[in-house]
Amino acid sequence: MTLDVFAFFMAGILGEIALLWESAQRGGSKLAGRFGAPVSIARFTALAAILVAIGFSLSASPLGLDQVIVSLDDLWVGYIFAGLGLFVLAVGLVSDVFLPRVGERSVIAVQILVVLFTVTAQRTPAWPLYLALTALPLIGSLSLAISRRNLSPAVQALVYFGYLLALLALTLQVADLGLFEAVRMDHWQALAFGGLFFFLAVHTLFILRFFLIVSSLLIPRNRPLAAGIMPRLFSSEQVSFKRFGLFTLLLSALVLLNNWLNLLPAELLAGLAVMMGVQVMESE
Amino acid sequence: MMYKPQVSNPTGWWNILLYFLSPLALLLVVVCIIAFLDRVGQHNRLVNLMSTRGAIVEATVSRLDPEKGLVFLDYRLDGEERIGLLYTRYYPDALDVLAPGNQILARVDRSGVEALAVWEDRFSQFRGYLGFATDLAVIFAAGWLVLVLRPEILYVGLSGPETTAPGESSK
């Protein structure tokens, strides 16, 4: 990608960092609360990153910077991605500063969106696996929602794991469809892709950690440990059914419309819809 | 009031050892996943290369190297004499079935960049090969077991509730 597009990509990452940090603070992350900036500064940072990217791209053309191609072969880009990789590894393995709190309905919304995308978008050879990763947990989530029972921490952990599996299925499809290797992107696609890249990277790493946590529940003496952290990750308080219904329908319609009109890469829109679903439908 | 989960606090040399091993186990599990993804990527790259740029040629087995797990093939492509390498890890019985002088159909890289040759009659074995994951699976399983037995390291940095015990919040 060109240097100005790369600026938008990095602005997308920075913006998503700020938004997720804010989400984690609202979700009760002690680490985000202790070291994080107040909400207003996080939003300001996100906006500033976007404005800087816009300013950079406007000035890039007279200076010829929009003709400069950057890639992972460039040393300084390599350093940035190596640093980003270590940062994501650290936050994924030993913190919760970028994990929004989800509820039953936001989990269902995410799973519906990913199933919709899997079924309607360009099929990759492994699409049955991706469908299974999402559709089976969706059936479980729907039956629990319909049963209207209070979920024990162990069941909450399984529902949350189902949500992470949906994100994993989305990540794998996005990778299969080549979005991570896309060479040509416009500025706004790069901005969206930067945010999506960071969101999926953090959650994909956390899937591994959470898989290990769920595995440890096989031993009964470990269950109180999981019970202690589930309120941070999963809220029993639900967003209103109206908000849930409206957003899920709207985002699903957007995904379907885009498949028909081909305005944006389908995998990019699906990723954005999932991110919006999680962060807008965050339980109060 | 801070919620404190009621967890047994076992001592004994076995548990202390597991406590010390658990951070290493977590890193090992992560490294295993990264290595696995890298190997899957490499294997898929080879499969795609052979599927899209591969040329099917009549090749002659020139010699076998059981120690290195290789079968050397001589073939001719675009007027050029070339040597291809058939890796026996993809076909466990290759050293029993093939002998010098045998002729087989092989799929080779038309550009000549890759020396790899794939036994055309057994392409599905090559495509479905998962042997690169065996050693990683063993290490992953060992790390997984340590973390299942002593998962406390997984909870580092995860916030517990301030005042609410599990099960008290309701729909």
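Just the heavy atoms: all of them, side chains too, but no hydrogens, waters or symmetry mates, feed the values below.
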* Where does I219(A) contact chain B at under 4.5 Å (heavy atoms): side chain, backbone, both or neither? -> side chain

* chain B neighbours within residues 84-93 of chain A, where any heavy atom lies under 4.5 Å away -> L89(A), L93(A)

* Asked: When rounded to the nearest 0.5 angstrom, what distance separates CG in D96(A) from OH in Y155(B)?
  -> 13.5 Å

* To do: Give, as side chain, backbone, both or neither, the part of F210(A) having an atom under 4.5 angstrom from any heavy atom of chain B.
  => neither

* Quick check: are there more than 12 heavy atoms from other residues, nucleotides or ligands sitting under 6.0 Å from CZ of F81(A)? -> yes

* **Which portion of L147(B) sits near chain A, non-hydrogen atoms under 4.5 angstrom** => both

* Contacting moiety of L208(A), where chain B heavy atoms sit under 4.5 Å -> side chain

* **Whether over 12 other heavy atoms sit under 6.0 Å from I56(B) CD1** => yes

* **Engaged part of L149(B) at the chain A interface, taking heavy atoms whose separation is under 4.5 Å** => both

* Asked: chain B heavy atoms under 4.5 Å from S152(A): which part of the residue, side chain, backbone, both or neither?
  -> neither

* Asked: Say you draw a straight line from CG of L225(A) to CG of L158(B); how long is it, rounded to the nearest 0.5 Å?
  -> 10.5 Å

